[in-house]
K.L.:
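Handing you this structure, nothing more for now.
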Amino acid sequence: ERINSKNEKKLEPAEKSNKNLKEISGLINEIIEQFINESKQKMSKEFISIINNLFVMSNEQEQLIQETVGIRSNSPKIREINQMQYNLDKELVYITKQLIELSNKTFFINPKINRLIGKLKSRISKTISFFEQKQISTAKKEQLSILNNLNEIILLMLNSMQEMQNSNAVSGFEQFIESLSDISKQQ
């Protein structure tokens with residue numbers, strides 16, 4: 001009986017320690033989960049800011065397209081339209097900067113977005129050039145392509161944000177490694 005009693009007394013501190021460790025582990029897990037949720041919220045706000053800016057840009061492009069309806073190559077309005085198109089180019093520079101900052105924080109930014117941003121920049125420059133050269137119909141076609149690129153980028157951004165929100169991590173590093181693995185398997 002004495003031996004049993006001594007052994008039970010020795011087990012009590014071990015059980016207490018084990019219980020304390022489980023409590024600490026639970027608290028750490030709660031803190032980690034809270035951190036991830038706060039990070040997701042912060043990152044989501046950054047996604048939403050970029051998406052909102054892209055929506056504004058898309059609406060402005062639609063207005064520019066409306067302004068060019070029926071315009072002739074000798075219209076003095078071309079200079080004004082070109083100035084507005086140039087302003088959109090400056091907005092894209094700002095959005096690109098935001099996107100780069102977000103890309104530095106998460107791998108959830110779809111790589112297609114960067115390619116489309118490049119195409120968009122090129123199309124805006126071409127549009128401005130075509131208007132300057134009085135190639136109105138070609139400039140109008142480029143304007144429609146600009147609008148399509150903008151809308152495609154918005155959709156990809158929304159999908160990227162959704163993917164991040166549904167993930168258990170904010171950085172997207174796991175998804176990045178997975179995509180690298182997929183690429184290596186394809187080769």
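Since the structure is predicted, the reported quantities are computational estimates derived from the model, not experimental observations. FYI, the numbering just counts along the sequence from 1.
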K.L.:
Working to the nearest 0.5 Å, report the span between CG of Asn37 and CD of Gln165.
P.N.:
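The distance works out to 11.0 Å.
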K.L.:
Does the side chain of Asn82 reach to within under 4.5 Å of the side chain of Glu132, using non-hydrogen atoms?
P.N.:
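Asn82 vs Glu132: side chains touch.
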K.L.:
A side-chain contact here means heavy atoms from C-beta on lying under 4.5 Å apart; do Glu46 and Gln98 qualify?
P.N.:
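Result no, sub-4.5 Å side-chain heavy-atom pair not found.
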K.L.:
Determine whether Asn18 and Lys22 make a side-chain contact, defined as any pair of heavy atoms from C-beta on separated by less than 4.5 Å.
P.N.:
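Yes, close enough: below the 4.5 Å cut-off.
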K.L.:
Among Met57, Lys141, Arg123, Lys126, which residue satisfies the side-chain contact (heavy atoms from CB on, under 4.5 Å) criterion with Ile146?
P.N.:
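Of all the options given, the one that passes is Arg123.
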K.L.:
Between CD1 of Ile124 and CG of Asp89, what distance do you get to the nearest 0.5 Å?
P.N.:
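Between atom CD1 of Ile124 and atom CG of Asp89 there are 5.0 Å.
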K.L.:
To the nearest 0.5 angstrom, please state how far the CD1 atom of Ile153 sits from the CG atom of Leu120.
P.N.:
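Output value for this atom pair is 5.0 Å.
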K.L.:
Please find the pair of heavy atoms, one from Asn151 and one from Ser58, that lie closest to each other, and give the distance.
P.N.:
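Minimum heavy-atom separation between Asn151 and Ser58: OD1-OG, 3.0 Å.
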K.L.:
What about Ile109 and Leu158, same hydrophobic cluster or not, with Ile/Leu/Val/Met/Phe/Trp/Tyr joined at side-chain heavy-atom distances under 4.5 Å?
P.N.:
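Same cluster.
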K.L.:
Given side chains that start at C-beta, do those of Met84 and Glu60 come closer than 4.5 Å, heavy atoms only?
P.N.:
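Sidechains of Glu60 and Met84: no contact.
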K.L.:
Using modelled atom types and a 3.5 Å cut-off, is there a donor and acceptor pairing between side-chain atoms of Ser25 and backbone atoms of Leu21?
P.N.:
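The answer is no, because no donor-acceptor pair under 3.5 Å joins these two groups.
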K.L.:
For Glu33, look at atom CD and say whether over 12 heavy atoms of other residues, nucleotides or ligands are found less than 6.0 Å away.
P.N.:
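12 or below, so no.
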K.L.:
So, for Ser160 and Ile113, which heavy atoms are closest and what is the spacing to 0.1 Å?
P.N.:
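Looking at all heavy atoms of both residues, the shortest contact is OG-CD1, 4.0 Å.
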K.L.:
Taking Ile65's backbone N and O only, do any of them form a donor-acceptor pair with Thr68's side chain (distance below 3.5 Å, no angle check)?
P.N.:
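Yes; judged by distance alone, with no hydrogens or angles, the pair exists.
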K.L.:
Is the shortest heavy-atom distance from the side chain of Ile117 to the side chain of Lys121 under 4.5 Å?
P.N.:
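No. Closest side-chain heavy atoms not under 4.5 Å.
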K.L.:
Where do Lys134 and Ser73 come nearest, in terms of heavy atoms and distance?
P.N.:
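Looking at all heavy atoms of both residues, the shortest contact is CD-O, 2.9 Å.
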K.L.:
Look at the side chain of Lys40 and the backbone N and O of Ser167, then say whether any donor-acceptor pair between them is shorter than 3.5 Å.
P.N.:
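Looks like yes, one N/O pair under 3.5 Å.
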K.L.:
What distance do Lys119 atom NZ and Asn114 atom CG have between them, rounded to the nearest 0.5 Å?
P.N.:
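So the gap between those two atoms works out to 13.0 Å.
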K.L.:
Can you find a pair of side-chain heavy atoms, one from Phe131 and one from Gln143, that are under 4.5 Å apart?
P.N.:
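Yes, their side chains come closer than 4.5 Å.
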K.L.:
About how many Å separate NZ of Lys97 and CD1 of Ile50, when rounded to the nearest 0.5 Å?
P.N.:
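Nearest 0.5 Å value for the CD1-NZ distance: 12.5 Å.
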K.L.:
Identify whether Tyr94 and Phe55 are in the same connected component of the hydrophobic contact network (ILVMFWY, side-chain heavy atoms under 4.5 Å).
P.N.:
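No, it is not one cluster - the side chains of Tyr94 and Phe55 are not joined through contacts under 4.5 Å.
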K.L.:
Would you compute the distance between atom CG of Asn110 and atom CE of Met161 and round it to the nearest 0.5 angstrom?
P.N.:
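Those atoms lie 14.5 Å apart.
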K.L.:
Using the rule that Ile, Leu, Val, Met, Phe, Trp and Tyr join whenever any side-chain heavy atoms are under 4.5 Å apart, tell me whether Leu150 and Leu155 fall into a single cluster.
P.N.:
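No, Leu150 does not connect to Leu155 through the hydrophobic network.
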K.L.:
Are Glu163 and Asn159 close enough that a side-chain donor and a side-chain acceptor fall under 3.5 Å?
P.N.:
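The answer is no; no qualifying pair exists.
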K.L.:
Heavy atoms, side chains only, cut-off 4.5 Å: are Glu30 and Gln34 in contact?
P.N.:
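A side-chain contact under 4.5 Å is absent here.
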K.L.:
Applying a strict under-4.5 Å side-chain criterion to I, L, V, M, F, W and Y, I'd like to know whether Ile51 and Val56 cluster together.
P.N.:
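No, separate clusters.
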K.L.:
Consider only side-chain heavy atoms of I, L, V, M, F, W and Y, link residues closer than 4.5 Å, and tell whether Leu147 and Leu88 are in one cluster.
P.N.:
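No, Leu147 and Leu88 fall in different hydrophobic clusters.
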K.L.:
Kindly say whether Leu92 contributes a backbone atom to a donor-acceptor pair with the side chain of Thr96 at under 3.5 angstrom?
P.N.:
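Yes, the answer is positive, given that a donor and an acceptor are paired below the 3.5 Å cut-off.
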K.L.:
Determine whether Ser39 and Met43 make a side-chain contact, defined as any pair of heavy atoms from C-beta on separated by less than 4.5 Å.
P.N.:
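Not in contact.
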